[in-house]
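Data block below; observations after.
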Amino acid sequence: MPRLSLIKKYTSHPLLLGTALLTITGLASRVIGFFYRIFLSHTIGAQGMGIYQLIFPVFALGIAFCGSGIQTAISKYTAEAVGRNRCPQVYLYAGLILSVGLALLGAWAIYAGSDFIASAILDEPRCAPLLRILTCSLPLAAVHCCINGYYYGLQKTMVPSVSQLLEQICRVCSVYLIYQICLKQGHEINAAIAVWGMVCGELAGALFSLTVVRFTKCTDHLLASMRAVFAFAAPLTANRVLVDLVNSAEAILIPICLKSYGYANEDALSIFGILTGMAMPMILFPSVLTNSISVMLLPSISQAKAQKNQALIHRTIRRTIESCLVLGFASTLFFLLTYSFIGQYLFANTLAGLYIRTLSFICPFMFLSATLNSILHGLGYPAVTLALNLGGCMVRIACIWLFVPLHGIRAYLYGMLASQVFVALCALAILGRSKDI
């Protein structure tokens, strides 16, 4: 009986249950994505992976502009509305109107300026057709983000979890189907098949989310809700846009500075593809747990702060830090023992294994900084997270600009380690001095 009551206690806890659901489906998505990356690396090659990875900063910027801040705002106000016995769906409607409108505007801007962005900014004209395909996914991603934010606010993670897994499955299956069609019809196989896979995945996630959400008549105070969502989302969106702009500059500078180091354009793109398309996804694989915790921490910390429950906040932060450090050091040890096998036998690329070995040391700090940023958001410190994230980006850009032309890609790997250490230690210091814990 005590064991049953203990199980019931943990399975009924929204933070633990939500984290468990997100972790399970996130882990399944990562496993699928892991083999998907191997398939892509053999299908479009390292150079194709580099071209494919170059468009991701543009996509991340578009998502930051139209979805990320609004998703967080929907989550926050939905949780508050439930606590006050008010209709929470009005915030979903308000967020959808704002997010989809911004997504359509962003998609038009990217489509119209695709040639300029590819040639003048990304320094790779072959990215232009990929950017035009990519614009189809922005409005779909906006719908997906808003509905996920609504369910996060309700602390019900089943719908976001299933939609994440469905999106990944549809992405992989559609790419494989397109690949087979291209083979049979003799068409060129390039990075475009991966971008079409992104569009198919976002379409599946959006359709599933729209199908399962229960739309009810709840339009009272819609304009006021839109103003509230916009007011809260604006600084968060500015945060994400600024950080993603700097991240975009970082991604663009890496191939350019590698060429200054002495690599040809094709070799620079190949190295960039190996790093961002093979090594980094492998390093990020264990972060599925910390990402799940981060998503669920924001509404939990916000509710605890509203209730002035400092003991709960302190206990949550302490346990989060302990869990992230344990997972981080375990991940570092795992990658140090297996980097050679991963590089040679999984990706058939020795460089990928060497990059994984060097990057393995960032795991404890990367996992810690991600969850601490979520805690700071929950405590109401978005400006602090903006400053920390920008500071970390500036450390990496300085390493790219100053040291990559002299020492090659290894200088960037050490820069990534330095930036993660900087962000994690600063976040710990700020939380240690906060009056809210």
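Positions are given from 1 along the sequence.
- Contact annotation: the side chain of Ile254 approaches that of Ile409 to within less than 4.5 Å [non-hydrogen atoms, C-beta and beyond].
- In this structure, the separation between CG on Leu368 and CD1 on Ile362 is 13.0 Å, given to the nearest 0.5 Å.
- Between Met226 and Ala94, the shortest heavy-atom distance links the atoms CG-CB, 3.4 Å.
- In this structure, a donor-acceptor pair under 3.5 Å is present between the side chains of Glu250 and Tyr412.
- Of all heavy-atom pairs spanning Pro129 and Pro125, the tightest one is CD-O, 4.0 Å.
- Contact of the Met366 side chain with the Leu284 side chain is registered, since non-hydrogen atoms from C-beta on lie closer than 4.5 Å.
- For the pair Thr78 (side chain) and Ser75 (backbone), a donor-acceptor distance under 3.5 Å is absent.
- At most 12 non-hydrogen atoms from other residues, nucleotides or ligands lie less than 6.0 angstrom from CZ of Arg410.
- Atom CZ of Phe422 has more than 12 heavy atoms from other residues, nucleotides or ligands within 6.0 Å.
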Residues 269-283 side chain polar contacts: donor-acceptor under 3.5 Å, at least two apart:
unit_1, atom_1, unit_2, atom_2, d
Ser270, OG, Glu266, O, 2.9
Thr276, OG1, Phe272, O, 2.7

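- Here the side chain of Thr237 pairs no donor or acceptor atom with the backbone of Phe65 at under 3.5 angstrom.
- No side-chain heavy atom of Leu372 sits less than 4.5 Å from a side-chain heavy atom of Leu388.
- With a 4.5 Å cut-off on side-chain heavy atoms, Val159 and Val213 do not count as touching.
- In this structure, Ser331 OG and Leu359 CG are separated by 13.0 Å, a value rounded to the nearest 0.5 Å.
- Nearest heavy-atom pair, Leu431 versus Leu376, reported as atom, atom and distance to 0.1 Å: CD2-CD2, 3.7 Å.
- Between Val58 and Ile110 there is a side-chain heavy-atom pair separated by less than 4.5 Å.
- Ring geometry, Phe232 versus Tyr77: the interplanar angle exceeds 60°, so the pair is classed perpendicular (tilted spans 30 to 60°).
- Cys182 and Ile193 get closest at one heavy-atom pair: SG-CG2, 4.5 Å.
- Identified under the ring-ring contact (aromatic ring centres under 6.0 Å, His included) test for residues 39-58, with sequence neighbours left out: Phe39-Tyr179, Tyr52-Phe56.
- Among all heavy-atom pairs drawn from Leu138 and Gly106, the shortest one is CD1-C, 4.1 Å.
- By the 4.5 Å heavy-atom criterion applied to side chains, Ile121 and Phe116 are counted as neighbours.
- Although no hydrogens or angles enter the test, the distance criterion places a donor-acceptor pair under 3.5 Å between the side chain of Ser174 and the main chain of Arg171.
- Closest approach of Ala107 and Thr135 over heavy atoms only: O-CG2, 3.4 Å.
- Residues Tyr414 and His407 are not in side-chain contact: their nearest non-hydrogen atoms beyond the backbone lie 4.5 Å or more apart.
- Between Pro255 and Asp123 there is no side-chain heavy-atom pair separated by less than 4.5 Å.
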